[in-house]
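Everything on this sheet refers to the single structure shown next.
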Amino acid sequence: MPEAILPIVLIISLIIFKLTRKEYEFAFSARIAMAVMLLTAGIAHFVYTQGMALMIPQIIPYKTEMVYATGFLEIIGAAALLIPGFQKTIGWLLIVFFCSHPSCQYICCMGTCEYEGGGLFRKWSVLFMVQNSTSAGFYRLGLFFLYRNSSKGET
């Protein structure tokens, strides 16, 4: 449930920074939240490989390998977000990445895959689409906070 992880970790990070540094660290808190979300999602690619492979359009070959590759990219992206000097580049790469793969999740919503659930997501496809749209909104909100202050030199 990455859409819950992102705002929860963001709020916790902001509170911790306020208590320890006496000021809010919006950009750094956003990077931490995004990194935790990406790490969780990346690990999920290795745990739920079969279901995620079903979400990839039929025309694309090597579905399992694609799931492993995207999971690996998410884990690398999580680490790179926290390394000074890579933040702006990795942020733009993540925007491209997030915009490139949600269509796979919508294929599942249209009832063409089961995604580890034996029909569960077909019954709840509208809720699943709302969940994924919400996730995309939180990702973009996190990236907004990431760049809002990073251009001013904040770490």
Side-chain angles (χ1 to χ4, degrees), residues 1-57 60 62-109 115-117 121 124 127-155:
M1 194 173 230
E3 70 279 354
I5 292 171
L6 190 64
I8 290 169
V9 174
L10 177 65
I11 291 167
I12 290 170
S13 296
L14 287 170
I15 291 169
I16 290 171
F17 283 125
K18 181 66 173 175
L19 294 174
T20 59
R21 297 184 181 181
K22 307 297 184 218
E23 63 182 35
Y24 293 109
E25 298 278 348
F26 289 101
F28 193 43
S29 294
R31 285 193 299 273
I32 291 169
M34 187 68 74
V36 171
M37 185 278 307
L38 283 169
L39 181 64
T40 304
I43 291 169
H45 280 70
F46 294 97
V47 174
Y48 301 110
T49 306
Q50 225 173 13
M52 289 190 182
L54 291 172
M55 297 166 65
I56 298 174
I60 298 175
Y62 306 110
K63 292 171 183 41
T64 302
E65 293 81 358
M66 183 79 69
V67 171
Y68 286 138
T70 55
F72 180 73
L73 288 173
E74 288 183 357
I75 292 170
I76 295 299
L81 272 176
L82 301 176
I83 300 172
F86 287 103
Q87 296 149 347
K88 191 166 189 169
T89 303
I90 199 66
W92 283 110
L93 291 173
L94 286 171
I95 289 171
V96 170
F97 178 74
F98 289 144
C99 291
S100 69
H101 78 286
S103 60
C104 295
Q105 295 167 340
Y106 294 121
I107 287 171
C108 190
C109 296
Y115 185 68
E116 303 286 335
F121 288 106
W124 296 97
L127 180 61
F128 191 54
M129 287 178 79
V130 169
Q131 172 200 355
N132 285 304
S133 297
T134 304
S135 296
F138 278 127
Y139 298 154
R140 285 163 185 85
L141 180 65
L143 288 170
F144 167 76
F145 279 117
L146 172 71
Y147 285 115
R148 188 173 137 236
N149 292 326
S150 66
S151 62
K152 297 176 186 173
E154 182 180 315
T155 56

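Basis for what follows: all heavy atoms, side chains included, without hydrogens, waters or symmetry-related copies. Please read these numbers as outputs of a predicted model, since none were measured by experiment.
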Side chains of Tyr68 and Phe46, heavy atoms from C-beta outward: is any pair under 4.5 Å?
yes
Do you know the tightest heavy-atom contact between Ala33 and Leu10?
CB-N, 3.6 Å
Flag side-chain contact, heavy atom, 4.5 Å: Phe97 against Leu93:
no
4.5 Å side-chain heavy-atom contact, Val67 and Tyr48:
no
Heavy-atom pair of closest approach, residues Leu81 and Gln87:
O-CG, 3.3 Å
Nearest heavy-atom pair of Phe26 and Leu14: which atoms, and what distance?
CD2-CD2, 3.7 Å
Check Ala35 against Ala78 and note the closest heavy-atom contact, atom names and distance.
O-CB, 3.3 Å
To check you understand the geometry: which heavy-atom pair defines the closest contact between Ala80 and Phe86, and what is its length?
O-CB, 3.7 Å
Kindly compute the distance separating CG (Leu6) from CD1 (Ile11), expressed to the nearest 0.5 Å.
10.0 Å
Euclidean distance, Leu94 CG relative to Met34 CE, rounded to 0.5 Å:
7.0 Å
Measure the CE-CE distance between Met66 and Met52 for me, rounded to the nearest 0.5 Å.
14.0 Å
Quick one: are Ile16 and Ile12 in side-chain contact, heavy atoms under 4.5 Å?
yes
Does any non-hydrogen side-chain atom of Ile75 lie less than 4.5 Å from one of Leu39?
yes
I want to check something: taking the side chain as every heavy atom from C-beta on, are Ile90 and Ile83 in contact at a cut-off of under 4.5 Å?
no
